[in-house]
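Notes follow once the structure below has been shown.
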Number of protein chains: 2
Amino acid sequence: MKNFTKVLKQHNLKTTPQRLAILEAVYKYGHISIDTLYIEIKKVFNSISQATIYKNINIMINSMLLFEVKLPNEKSVYEIVQNKHSHFLCNCCGEVTDIYIDTKQMIDNISKEYSFTINQTDLVFSGTCKKCKDFNILKN
Amino acid sequence: MKNFTKVLKQHNLKTTPQRLAILEAVYKYGHISIDTLYIEIKKVFNSISQATIYKNINIMINSMLLFEVKLPNEKSVYEIVQNKHSHFLCNCCGEVTDIYIDTKQMIDNISKEYSFTINQTDLVFSGTCKKCKDFNILKN
DNA sequence: CTCTGTGCAAAGCGTTTGCAAACGA
DNA sequence: TCGTTTGCAAACGCTTTGCACAGAG
């Protein structure tokens, strides 16, 4: 993932410097909140307005180019749609990490037991990441 | 779960008719959004204000009496804290169902592989429930 | 009786909208 | 050139707050 001009074209969206800046920031951060996105882009693109950020985030979500990750006790963060994965939220440093787990068996079980057809899974695990654990040991 | 006066006491919250009405509605619905909650309570308790609903929902969440379930593409719903479980959201009828799956193995695997300490899991599966599937077959 | 909770209205805040000007294709 | 996007400011809608009064313990 690098050529965002191409990505925008593939989603039938016109290329603008604002859109490229948004995608670059989301890509760089991996997961980013609206507020951070605005602050971050403002640094290199001072004229950008919040309205532009909001409009484009919504357009890109509707075009399935971005995905909103809803987190417990936190504001949502946004990521570029790539492969399916789950998330881990560190309650200590706030970082969101992509995690890859095989959900096939679990989905099969639920589908069978409850007679549901499942076509999306949003899994968020929270706790403490390695860095924060190590740091807490040092501190005490 | 039935004696909400007792439940409130256990959480060091004073009993008021408003709080009982809120808990009864949440209990009755299983999962309820703020808007539905207000409309529903207003029917039987006309003088209640939205501010009261909001204040109490927040107090009860902080007291771990209520839990907020964040759903993809939907407003959050609230439920009474009981045993650990996951959720299924039907994109067709909007209903939220509690589902019980064993997450121990999955959490162990993630903990080991990523060196995370996991103390909360928020799992939401979405798709179509049995009722909606059956109804769609009839329709076609 | 005291302290907390309620209801109202106002304020706050994040998000959306309308519109003229700028820009991409 | 034509339709889309941007930036601004205003509007919007959900949520929180301040305050006087009512109610719980």
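Please read these numbers as outputs of a predicted model, since none were measured by experiment. So that the names make sense, note that chain A is the first sequence line, chain B the second, and so on, each numbered from 1. For the numbers below, each heavy atom of this structure counts, side chains included, while hydrogens, waters and symmetry mates do not.
Taking atom CG of B/Asn56 as the reference point, atom C1' of C/dG5 lies 8 Å away to the nearest angstrom. In this structure, B/Ile22 places its CD1 atom 13 Å from C1' of C/dG7, rounding to the nearest Å. Going from atom CG of A/Asn62 over to atom C1' of D/dT4 covers 16 Å, rounded to whole Å. Note: CD (A/Gln18) to P (C/dC23) measures 9 Å, nearest angstrom. A straight line from CG of A/Leu20 to C1' of C/dG24 spans 12 Å, rounded to a whole angstrom. A straight line from NE2 of A/His11 to P of D/dT4 spans 19 Å, rounded to a whole angstrom. Here D/dC14 presents its C1' atom at 13 Å from NZ of A/Lys75, a figure rounded to the nearest Å. Distance, B/Ile57 CD1 to D/dC14 C1': 14 Å, rounded to whole Å.
Atom CG of A/Asn119 has more than 12 heavy atoms from other residues, nucleotides or ligands within 6.0 Å. Annotation: B/Asn73, atom CG; neighbour count of heavy atoms from other residues, nucleotides and ligands within 6.0 Å does not exceed 12.
The side chain to side chain contact (heavy atoms under 4.5 Å, CB included) test applied to B/Ser126 returns A/Gln120, A/Asp122, B/Pro72, B/Leu89, B/Asn91, B/Val124, not counting sequence neighbours. Under the salt bridge (Lys or Arg N to Asp or Glu O under 4.0 Å) criterion, B/Glu40 pairs with B/Lys28, B/Lys43, sequence neighbours left out.
Here the closest heavy-atom approach between residue B/Ile80 and residue B/Leu23 is recorded as CD1-O, 3.9 Å.
With salt bridges taken as basic N to acidic carboxylate O contacts below 4.0 Å, none links B/Lys112 and B/Asp108.
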Set out, line by line, the N/O atom pairs under 3.5 Å between protein and nucleotides 10-12 of chain C.
none

Which pairs, protein N/O on one side and nucleotides 22-25 of chain D N/O on the other, fall under 3.5 Å?
{"unit_1": "D/dA24", "atom_1": "O3'", "unit_2": "B/Thr15", "atom_2": "O", "d": "3.4"}
{"unit_1": "D/dG25", "atom_1": "OP1", "unit_2": "B/Thr15", "atom_2": "N", "d": "3.4"}

Just list the side-chain donor-acceptor pairs under 3.5 Å for residues 9-18 of chain A, sequence neighbours left out, or say none.
{"unit_1": "A/His11", "atom_1": "ND1", "unit_2": "A/Val7", "atom_2": "O", "d": "2.9"}
{"unit_1": "A/Thr16", "atom_1": "OG1", "unit_2": "A/Arg19", "atom_2": "N", "d": "3.1"}

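Side chain of A/Ser111 to backbone of A/Ile107: a donor-acceptor contact under 3.5 angstrom is found.
A donor-acceptor contact under 3.5 angstrom links the side chains of B/Glu79 and B/His87, judged on distance only.
Relative ring orientation between B/Phe88 and A/Phe116 is described as parallel, the plane-to-plane angle staying below 30° on a 0-90° scale split at 30° and 60°.
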Which parts of nucleotides 16-22 of chain C does protein reach within less than 4.0 Å, heavy atoms only, written one letter per nucleotide 5' to 3' as B for base, S for sugar-phosphate only and - for none? BBB----
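Considering CD of A/Glu113 and CD1 of B/Ile101, their distance stands at 9.5 Å, rounded to 0.5 Å.
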